[in-house]
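Here is the structure we will look at.
Any value given below was found using the heavy atoms of this structure, including those in side chains, with hydrogens, waters and symmetry copies removed.
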Protein chains: 2
Amino acid sequence: MAVTSLRERKKQATRVALQEAALRLALAKGPDNVRVDEIADAAGVSPRTYNNYFPSREHAIVAAVTASRMPALAAGGPLAAAVADAVVGHYTEPGDPAAMLMITTNPGLRACYVDTAAGIEGPLTEAIVSRGVDAKTAEVLAAAIGAAAKVALRRWLKPAGGLMMVSGSLPELIRAALEPLAPALDATAG
Amino acid sequence: MAVTSLRERKKQATRVALQEAALRLALAKGPDNVRVDEIADAAGVSPRTYNNYFPSREHAIVAAVTASRMPALAAGGPLAAAVADAVVGHYTEPGDPAAMLMITTNPGLRACYVDTAAGIEGPLTEAIVSRGVDAKTAEVLAAAIGAAAKVALRRWLKPAGGLMMVSGSLPELIRAALEPLAPALDATAG
DNA sequence: GCGCAAAGTTGCGTGCACGCAATTTTGGAC
DNA sequence: GTCCAAAATTGCGTGCACGCAACTTTGCGC
């Protein structure tokens, strides 16, 4: 938040307005009954502008309940453990339970939520590099971690039994999914 | 090709017809000047049917130059090596050079081509399982491998210097990208 | 052959993503 | 305060993906 030119603040404001409008409307009318136009309208902005902020209808809704930044990696200790802690940290947010239920229930939102995992790859790459790992190696590892996170999210969202029930603790699932990658991560230790 | 009911053969035929029409038209007019309607038309099929076969305009074009199935994993030896060979094998196809140039040149096609890598995950999971690895572990590893493959493809497609030049040998890039995952793969050995 | 259920195709309608060019807003320099 | 270049917003137009509900084809049992 270092630079806060007025312009930047206004942009952030409309972004937030769009997110909140999207979430509110989706919760009120059901996610499939919300049109982009309504969201834009509720945020006091033109429909075209909506897509200057979000690449799809679902993104605004999901963004409203998604952590914006990854926690930093712990400085020392095994890389695998530090990564697991960071990823778990990122996905351990309170977040409106009703909103989460809606996301887990709706296919489009589910997919969009899972794709969130791609967003951690950039920061992860940097973080891994800053621990002395070669940049190209770090890129691959971050991509692998992102893929594992997606698997974990998919497992978490998978309808268990007949009912749409969250199938286990997300932190546990994330740690379990990252486990197979641990040898690769710890092999980078100097 | 075990089951070849007439129905199945006709489906395959239209699929191929669509692919070839798409590729031919894209090569002739430039990929951005080809409308879905034209492709469908050239394949003697309704536009609506196009999307029963391909989820996007780009997919048919890319599918025309993409290997349909992964080579099987070698039965013995280290898993990492077997996987690397299989993935390299999958991406080592002749393929019309002109078509490849077009794909590497056009942003939309590039992205679609990279996403091809997701298609190897299913077969890979099965293959890894059949080597005695736990199913959940295999799923994560396959996802990681797919992610690494995407990184390799992206590096390969990255415009090097000012010109749109393929930046190195794809097999080399794939092996390099898979290298960091080797410890994780070989750690599964009984 | 005959008929019928399943599979595939088609047309229609809707909402959406996005390129483009025109317009409005912003904010620092003077 | 005034001005202007950069940035953001907007409207428009286009092509596309896809749900849905007819309609047509297929292929199997008889």
Side-chain angles (χ1 to χ4, degrees), chain A residues 2-19 21-23 25-26 28-64 105-113 115 118, chain B residues 2-19 21-23 25-26 28-63 105-112 115 118:
Chain A
V3 185
T4 327
S5 87
L6 176 61
R7 232 171 195 158
E8 215 54 38
R9 258 179 291 147
K10 286 195 83 171
K11 270 188 78 123
Q12 227 46 29
T14 41
R15 166 169 246 101
V16 170
L18 283 169
Q19 287 176 2
L23 182 56
L25 288 171
K29 315 176 45 175
D32 290 336
N33 303 323
V34 182
R35 307 278 141 258
V36 163
D37 301 22
E38 304 180 69
I39 301 176
D41 210 47
V45 119
S46 105
R48 180 63 183 83
T49 295
Y50 177 92
N51 285 102
N52 290 343
Y53 283 84
F54 298 99
S56 89
R57 188 173 62 86
E58 288 85 358
H59 270 74
I61 304 177
V62 169
T105 299
N106 183 284
L109 295 180
R110 268 208 303 270
C112 190
Y113 185 65
D115 279 351
Chain B
V3 185
T4 328
S5 87
L6 176 62
R7 232 170 196 158
E8 215 55 37
R9 257 178 292 146
K10 286 194 82 170
K11 269 188 77 126
Q12 227 46 30
T14 41
R15 166 169 245 100
V16 170
L18 282 168
Q19 287 176 3
L23 181 57
L25 288 172
K29 315 176 46 174
D32 289 337
N33 303 323
V34 182
R35 309 277 141 257
V36 163
D37 301 23
E38 304 180 70
I39 302 175
D41 211 47
V45 116
S46 103
R48 180 64 183 84
T49 295
Y50 178 92
N51 284 104
N52 290 343
Y53 283 84
F54 298 100
S56 90
R57 188 173 63 85
E58 287 84 359
H59 270 74
I61 303 177
V62 169
T105 299
N106 182 286
L109 295 179
R110 268 208 304 269
C112 191
D115 279 351

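Under the rule for a side chain to side chain contact (heavy atoms under 4.5 Å, CB included), the partners of A:Ala64 that lie at least two apart in sequence or sit in another chain are A:Gln19, A:Leu23. Partners of B:Thr49 under the side chain to side chain contact (heavy atoms under 4.5 Å, CB included) rule, at least two apart in sequence or in another chain, are B:Val45, B:Ser46, B:Asn52, B:Tyr53. Listed by chain and number, the residues in a ring-ring contact (aromatic ring centres under 6.0 Å, His included) with A:Phe54 are A:Tyr50 (sequence neighbours excluded).
How far CG of B:Asp115 is from NE2 of B:His59: 6.5 Å, rounded to the nearest 0.5 Å. Atom OG of residue B:Ser5 and atom NZ of residue B:Lys11 lie 10.0 Å apart, to the nearest 0.5 angstrom. Separating the CG atom in B:Leu109 from the CD1 atom in B:Ile61 is a distance of 5.0 Å, to the nearest 0.5 Å.
The closest donor-acceptor contact from the side chain of A:Asn33 to the backbone of A:Lys29 lies under 3.5 Å. At least one donor-acceptor pair closer than 3.5 Å links the side chain of B:Glu38 to the backbone N or O of B:Arg35.
Non-hydrogen atoms lying under 4.0 Å from DNA chain D are contributed by A:Val45, A:Ser46, A:Arg48, A:Thr49, all within residues 37-51 of chain A.
Mapping heavy-atom proximity under 4.0 Å, the span of DNA chain C touched by chain B runs 5' to 3' from C:dA6 to C:dC12.
Within 4.0 Å (heavy atoms only), A:Phe54 reaches no atom of the nucleic acid at all.
For B:Ile39 against B:Val34, the heavy-atom pair with the smallest separation is CG1-CG1, 3.6 Å.
Taking the nucleotide of DNA chain D with the nearest heavy atom to each of B:Val34 and B:Lys10, the more 5' of the two is matched to B:Val34. Summary of the strand contacts: B:Asn52 and B:Arg7 both lie near DNA chain C, and taking for each the nucleotide with the nearest heavy atom, the more 5' one is attributed to B:Arg7.
By the 4.5 Å heavy-atom criterion applied to side chains, A:Arg57 and A:Asp32 are counted as neighbours.
When the C1' atoms of four end pairs are superposed on the next four at each end of the helix from C:dG1-D:dC30 to C:dC30-D:dG1, using five pairs per end, the two resulting axes differ in direction by 20°, to 10°.
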